[in-house]
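Let me give you the structure first, and then I'll get to my questions.
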Amino acid sequence: MLNKDRFLFYFLTVFILFGKDSSFPMTEQEILQQHNKWVDLLGLKGLNSDHVKVYQPWEAIYKAQKNLVSVTGKGITLTINKETGEIISILNYYQGEIEAKAKDEGKTIIFALDKETCKNQLIKYYKLITGEEPPPFELKLPLVGSLIPPTQGVGYRWQRKFKGYTIRDNYIQITLFADNGAFEGYVKRYFSDLPPTVEVKITADQARQKAIEIADKEIKDWVKFLDSISTETAISQLDDKTYRGIKSTLKGKSRQIKQESQQYASLIGCKPIETKAPYLEIVNIQTDAFHRQYMQPEAYEK
């Protein structure tokens, strides 16, 4: 019995000492170290003295992902999964604010980056962030010598796929500043779980008809919502909690709302102009349900 207890004690000790990395979330100190690492990598050390703060990201785009924490300051905002250490997004806001100010002043820049330079930069950051080689890709860039706004970025979006099928809204994207090819931002949007199997059970004609039915329902729901807020009285009666942040925007625009409702209503029953054959996308029903209630944040949490 004593030997058994001793063995259990040793086992627990080893588990605690060596199991921390995989069993415990990152500490705030470790998260700050990761933030400092990227401040250095992007050459922003000493350029920006913004106070660094750690917080839970509240943006709607992060709601489908759990265990996220953001750090902002010293020129960048980093969002990371504290359970896995995986980087979800990086934003070089220091350079972004410089570009935005230049745009506000009416400045333009001459695009002078060649495709090879941009591609090498994208590959470099993809490997730095993910630790992997990026899938093959081809860039589409502005014409060399063309005038573009300072805020324009160039980059690529790697769409996530499973067994050859695209997973809707799942991608990795890296963007560079178009004036000098410096890093602008990285984002990973993997909202859906991979399905165990992918099996197509309907014909192309059935898929086309279903798409038309869904589109009609979406348009009708949107028209219904617009009609419900198409008077100043209706806008003023909107629930403050549900519609916070948009009531002030809607005020004084009832006429435009009614016109928009009529424009959408004219599309009900229209046949789509086909630009490509029907195709399959993998979706996560929790985030891609079509019957969502418009403008109601609570609906997205269901």
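As the structure is a computational prediction, the values presented were derived from the model and not from experiment. Heavy atoms only: backbone and side chains are in, while hydrogens, waters and symmetry mates are out.
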| Would you say the side-chain atoms of Gln159 pair up with the backbone N or O of Ile167, donor to acceptor, closer than 3.5 Å? |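 Between the backbone of Ile167 and the side chain of Gln159 there is a qualifying donor-acceptor contact (under 3.5 Å).
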| Between Asp216 (side chain) and Gly269 (backbone), is there a donor-acceptor pair under 3.5 Å? |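 Present.
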| request: Using atom types as modelled and distance alone, determine if a side-chain donor or acceptor of Thr117 lies under 3.5 Å from a backbone N or O of Leu113. | output: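 Checked: no pair found.
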| said: Check this for me: does any side-chain nitrogen of one of Lys82 and Glu28 sit under 4.0 Å from a carboxylate oxygen of the other? | reply: no
| query | When you measure from the side chain of Thr84 to the backbone N and O of Glu86, does any donor-acceptor pair fall under 3.5 Å? | reply |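 Pair found, side chain donor or acceptor close to backbone of Glu86.
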| So, the side chain of Gln121 versus the backbone of Cys118: is there a donor-acceptor pair under 3.5 Å, distance only? |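 Here the side-chain-to-backbone pair does not exist.
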| message | Minimum heavy-atom separation for Ile257 and Leu226, please, with both atom names. | response | CG2-O, 3.4 Å
| said: Less than 4.5 Å apart, side chain to side chain, heavy atoms only: is that true for Leu176 and Tyr156? | reply: no
| request: List the atom of Ser228, the atom of Ala234, and the distance in Å for their closest heavy-atom pair. | output: O-CB, 3.2 Å
| field | Gln95 versus Glu99, side-chain donor and acceptor atoms under 3.5 Å | value |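 Glu99 vs Gln95: donor-acceptor pair found between side chains.
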| Going from NZ on Lys210 to CG on Asp205, what distance comes out if it is rounded to the nearest 0.5 angstrom? |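 So the NZ of Lys210 and the CG of Asp205 are separated by 15.5 Å.
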| request: Could you walk me through whether Tyr125 and Leu42 pass side-chain contact (heavy atoms from CB on, under 4.5 Å), step by step? | output: CA-CA 10 Å; Tyr125 287 114; Leu42 299 181; 4.0 Å; yes
| field | Cluster link Tyr190 to Leu78, ILVMFWY, side chain under 4.5 Å | value |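 Cluster IDs for Tyr190 and Leu78 match.
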| task | May I ask you to decide if the ring planes of Trp158 and Phe137 are parallel, tilted or perpendicular, using 30° and 60° as cut-offs? | result | perpendicular
| Do you know which of Asp221, Val223, Ile229 makes side-chain contact (heavy atoms from CB on, under 4.5 Å) with Phe225? | Ile229
| message | Distance check, rounded to the nearest 0.5 Å: Ile148 atom CD1 versus Leu143 atom CG? | response | 10.5 Å
| Is the count of non-hydrogen atoms from other residues, nucleotides or ligands lying under 6.0 Å from Lys163 atom NZ greater than 12? |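 Counting other residues, nucleotides and ligands, NZ of Lys163 exceeds 12 neighbours.
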| Can Leu44 be reached from Tyr93 by stepping across I, L, V, M, F, W or Y side chains whose heavy atoms are under 4.5 Å apart? | no
| Would Asn92 and Trp38 satisfy side-chain contact (heavy atoms from CB on, under 4.5 Å), going step by step from the backbone distance to the final call? | CA-CA 10 Å; Asn92 180 351; Trp38 280 96; over 6 Å; no
| request: Measure from NZ or CZ of Lys188 to the centre of the six-membered ring of Tyr171 and say whether it is under 6.0 Å with the direction within 45° of the ring axis. | output: no
| field | Sub-4.5 Å side-chain heavy-atom contact between Ile88 and Arg189 | value |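 Heavy-atom side-chain distance check passes, below 4.5 Å.
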| task | Report the C-alpha separation of Val69 and Tyr55 in whole Å, then their side-chain angles, then the decisive distance to 0.1 Å, and conclude whether the side-chain contact (heavy atoms from CB on, under 4.5 Å) test is met. | result | CA-CA 6 Å; Val69 63; Tyr55 61 96; over 6 Å; no
| request: Rounded to the nearest 0.5 Å, what's the gap from NZ on Lys53 to OG on Ser70? Could you check? | output: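 Lys53 atom NZ to Ser70 atom OG measures 10.0 Å (nearest 0.5 Å).
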| said: With clusters defined by side-chain heavy atoms of hydrophobic residues (ILVMFWY) lying less than 4.5 Å apart, directly or transitively, does Ile109 cluster with Phe111? | reply: yes
| request: Inspect the surroundings of OH in Tyr264 and state if more than 12 heavy atoms from other residues, nucleotides or ligands are less than 6.0 Å away. | output: no
| said: As an exercise, state the distance from CG of Leu141 to OG of Ser146, rounded to the nearest 0.5 Å. | reply: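 Rounded to the nearest 0.5 Å, the CG-OG separation comes to 9.5 Å.
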| query | When you look at Arg255 and Gln259, which way does the side-chain contact (heavy atoms from CB on, under 4.5 Å) test go after all the steps? | reply | CA-CA 6 Å; Arg255 185 176 179 181; Gln259 289 175 341; 4.0 Å; yes
| With side chains defined as the heavy atoms from C-beta onward, is the minimum distance between Tyr186 and Leu128 less than 4.5 Å? |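 SC-SC contact between Tyr186 and Leu128 ruled out.
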| Only one of Thr79, Thr77, Leu32, Val39 clears side-chain contact (heavy atoms from CB on, under 4.5 Å) with Val71; which? | Leu32
| said: Counting neighbours of NZ on Lys103 that are heavy atoms of other residues, nucleotides or ligands and sit closer than 6.0 Å, is the number greater than 12? | reply: no
| task | Apply the side-chain contact (heavy atoms from CB on, under 4.5 Å) test between Leu122 and each candidate in Ile174, Thr175, Val154; give the one that qualifies. | result | Ile174
| Among Ile76, Ile90, Ile80, Thr72, side-chain contact (heavy atoms from CB on, under 4.5 Å) partner for His35 |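 For His35, the side-chain contact (heavy atoms from CB on, under 4.5 Å) check succeeds only for Ile76.
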| Is there a chain of hydrophobic side chains (I, L, V, M, F, W, Y, each step under 4.5 Å between heavy atoms) that links Tyr94 to Leu91? |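 In one cluster: no.
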| Pair Asp104 + Lys101, salt bridge at N-O below 4.0 Å |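 Lys101 and Asp104: not salt-bridged.
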| remark: Tightest non-hydrogen contact, residues Pro134 and Lys127, listed as CD-CG, 4.2 Å
| said: How long is the straight-line distance from CG of Leu267 back to CD of Gln262, given to the nearest 0.5 Å? | reply: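 Rounded to the nearest 0.5 Å, the CD-CG separation comes to 12.5 Å.
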| said: Looking at every non-hydrogen atom in both residues, tell me the closest pair between Pro142 and Gln152 and how far apart they are. | reply: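 The pair with the smallest heavy-atom distance is CG-NE2, 3.4 Å.
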| task | Give a yes or no on whether Ile31 and Val52 share a hydrophobic cluster (residues Ile, Leu, Val, Met, Phe, Trp, Tyr; joining criterion: side-chain heavy atoms under 4.5 Å apart). | result |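 As far as the 4.5 Å side-chain criterion goes, Val52 and Ile31 are connected within one cluster.
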| So do the side chains of Ile219 and Trp222 get within less than 4.5 Å of each other, counting heavy atoms only? | no
| message | Within the 4.5 Å heavy-atom criterion, are Gln209 and Gln206 side-chain neighbours or not? | response |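 They are not in side-chain contact.
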| How close do Phe177 and Gly96 get, heavy atom to heavy atom, and via which atoms? | CZ-N, 3.5 Å
| Hey, what do you get for OG (Ser89) to CG (Leu68), rounding to the nearest 0.5 Å? |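 So the OG of Ser89 and the CG of Leu68 are separated by 8.5 Å.
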| What closest approach, in Å, do Val144 and Ala112 show between heavy atoms, and which atom pair accounts for it? |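 Shortest heavy-atom separation between Val144 and Ala112 comes out as CG1-CA, 4.3 Å.
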| field | Lys/Arg N to Asp/Glu carboxylate O, Glu232 vs Lys251, below 4.0 Å | value |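 A salt bridge is absent here (no side-chain N lies under 4.0 Å from a carboxylate O).
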| query | Passes side-chain hydrogen bond (donor to acceptor under 3.5 Å, both in side chains), Asp227 versus Ser230? Steps please. | reply | CA-CA 5 Å; Asp227 283 343; Ser230 59; 4.8 Å; no
| message | Quick check against the 3.5 Å criterion: does Asp50 have a side-chain atom that pairs as donor or acceptor with the backbone of Lys74? | response |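 Side chain of Asp50 to backbone of Lys74: no pair is present.
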| note | Students should find that the hydrophobic cluster of Ile110, defined by side-chain heavy atoms under 4.5 Å apart, otherwise consists of Leu147
